[in-house]
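Could you have a look at this structure, given as structure tokens, before my questions?
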Protein chains: 4
Amino acid sequence: MRGLNKVTLIGNLGNDPEFQKLEGNTSVAKFSLATTESYKDKYGQTHTTTDWHTVVLWRSLADLAYKYLQKGSLVYAEGRLKTRSYDDKEGSKRYVTEVVADQIIMLDKKAVDNE
Amino acid sequence: MRGLNKVTLIGNLGNDPEFQKLEGNTSVAKFSLATTESYKDKYGQTHTTTDWHTVVLWRSLADLAYKYLQKGSLVYAEGRLKTRSYDDKEGSKRYVTEVVADQIIMLDKKAVDNE
Amino acid sequence: MRGLNKVTLIGNLGNDPEFQKLEGNTSVAKFSLATTESYKDKYGQTHTTTDWHTVVLWRSLADLAYKYLQKGSLVYAEGRLKTRSYDDKEGSKRYVTEVVADQIIMLDKKAVDNE
Amino acid sequence: MRGLNKVTLIGNLGNDPEFQKLEGNTSVAKFSLATTESYKDKYGQTHTTTDWHTVVLWRSLADLAYKYLQKGSLVYAEGRLKTRSYDDKEGSKRYVTEVVADQIIMLDKKAVDNE
DNA sequence: TTTT
DNA sequence: TTTT
């Protein structure tokens with residue numbers, strides 16, 4: 001009860017969610033989310049940066065995402081940052097940081113009407 | 001003005017901040033931050049997970065961090081998620097995700113007294 | 001540097017923004033924002049609660065709001081909680097709590113196309 | 001699933017939590033929380049503003065607060081904004097806005113050691 | 001790889 | 001009404 005680890009994102013999906021059923025019938029979904037921000041440099045010129053995030057969803061949230069979200073959907077996602085390690089094919093350790101979401105708000109008219 | 005990319009963390013530094021002056025006299029500081037959460041499993045047993053995050057600070061925030069933070073300090077950090085890529089010594093692409101903080105609140109009595 | 005006071009809302013405007021120019025040509029805008037949440041009770045029945053918030057914007061954000069937002073617009077608003085007191089016509093003290101926003105993201109297609 | 005209503009605060013309690021058992025043995029606790037922010041005006045002078053918030057806790061969180069928090073304690077509180085109305089003794093409607101917290105992190109060494 |  |  002002493003730590004806080006929270007991520008909040010609003011952005012568009014870069015791909016359709018990948019969906020999987022794990023052992024024990026647990027659902028997982030994963031997608032890329034692009035967050036785009038504009039800022040003005042000191043010459044008054046507008047620049048745009050895009051950051052890409054890997055969002056992972058479990059259980060009923062994964063089912064919802066698979067059913068209603070698609071490439072291009074606009075969503076609010078809230079969750080926590082989690083860095084996993086794995087061994088690549090050369091046998092060296094690699095790290096990947098993901099956002100494990102526990103809340104999703106669909107911001108597209110389309111998506112919401114379906115709900 | 002259409003995206004949101006925000007991370008908020010409360011945790012303890014795992015090391016003293018590494019500090020660097022870049023060209024143009026720009027300050028950068030970097031440290032590892034551990035966020036710890038407890039949860040009860042279905043048998044009522046308490047488990048603890050720790051996530052480690054790389055926090056990067058620029059300019060005056062870097063100076064502050066270098067001056068007042070140290071291994072063990074408790075801080076609130078707020079910023080955005082940023083994934084950089086680089087080529088490792090074998091020439092293959094590697095990715096690293098960092099939290100670029102734009103606000104730090106020092107939560108240690110000690111740190112605050114110094115300020 | 002020791003406190004945090006942050007509010008984040010996603011909801012729809014309940015009215016067109018009220019806009020005013022104060023002395024010194026400072027812009028202020030104000031609107032009501034409804035945030036709606038659904039939850040299931042212990043009988044599995046879905047309930048919906050709506051909370052209303054007064055959102056206040058200053059300067060260029062006020063101008064933006066006045067130009068692009070209207071009754072029904074969907075927005076993300078971030079800011080801080082502020083309680084003001086005033087004397088009502090009977091001369092007794094009244095309190096009103098507002099969200100002073102420093103960031104607005106327009107989530108309507110319509111609004112964004114105009115920008 | 002279309003709205004977001006979230007408040008995050010870091011500050012000190014202005015009083016010991018008031019604690020009550022409601023019908024059905026439900027616990028409620030309430031306290032004032034001060035969030036203090038400093039900023040520099042255009043003359044470089046530092047100013048300090050304090051905002052006061054009413055924080056309400058239910059059930060096990062209320063029990064925790066009553067047990068471990070006291071006047072002066074430093075806490076992180078997260079929850080949602082809720083405006084209630086009531087009739088004052090003159091019979092006119094009054095509104096009060098509270099933060100209904102669903103997460104509390106105790107940031108005092110003291111408090112944490114007790115936990 | 002998204003969106004405006 | 002808090003805290004530094």
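Order of the sequence lines fixes the chain letters, A, B, ..., with proteins taken first and strands second; residue numbering starts at 1 for each chain.
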Partners passing side-chain hydrogen bond (donor to acceptor under 3.5 Å, both in side chains) against C:D88 (at least two apart in sequence or in another chain): C:S92, C:R94
Sequence-distant partners of A:T26, side-chain hydrogen bond (donor to acceptor under 3.5 Å, both in side chains), two or more places apart: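 A:T26 satisfies side-chain hydrogen bond (donor to acceptor under 3.5 Å, both in side chains) with no residue once adjacent residues are dropped.
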Does B:T35 offer a backbone N or O that forms a donor-acceptor pair with the side chain of A:N5 under 3.5 Å?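 No, the answer is negative, given that no donor and acceptor are paired below the 3.5 Å cut-off.
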State whether the distance check finds a donor on one side and an acceptor on the other, under 3.5 Å, for side chain A:T50 versus base E:dT2. yes
Measure from the side chain of D:A34, starting at C-beta and using heavy atoms only, and say which of F:dT2, E:dT2, F:dT1 lies closest.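 Taking heavy atoms from C-beta onward, the closest nucleotide is F:dT2.
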Give the nucleotide from the list F:dT3, F:dT1, E:dT2 with an atom nearest to the side chain of A:K71. E:dT2
Between E:dT1 atom P and B:Y95 atom OH, what is the distance in whole Å? 11 Å
Between F:dT3 (P) and D:L69 (CG): distance, integer Å: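 Computing the D:L69:CG to F:dT3:P distance gives 14 Å.
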In this structure, how many angstroms lie between the C1' atom of E:dT2 and the CG atom of A:N12, rounded? 5 Å
Nearest whole Å is fine: how far is E:dT3 C1' from A:Y76 OH? 19 Å
Any base atoms under 4.0 Å from A:G72, or only sugar-phosphate, or nothing? Heavy atoms, all strands.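 Sugar-phosphate contact only.
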Between C1' of F:dT4 and CD1 of B:I105, the distance in whole Å: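 Result: 13 Å.
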Taking the side chain of A:T36 as its heavy atoms from C-beta onward, which of F:dT1, F:dT2, E:dT2 lies nearest to it?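 In terms of side-chain proximity for A:T36, the closest of F:dT1, F:dT2, E:dT2 is E:dT2.
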Quick one: A:L9 CG to E:dT2 P, roughly how many Å, whole number? 18 Å
Measure the distance from CG on C:L74 to C1' on E:dT4 and round it to the nearest whole Å. 16 Å
Would you kindly give the CG-to-P distance between D:D16 and F:dT2, to the nearest whole Å?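 After rounding, the gap between these two atoms is 11 Å.
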The side chain to side chain donor-acceptor pair (under 3.5 Å) partner of D:S27 among D:Q20, D:K21, D:R59 is D:K21
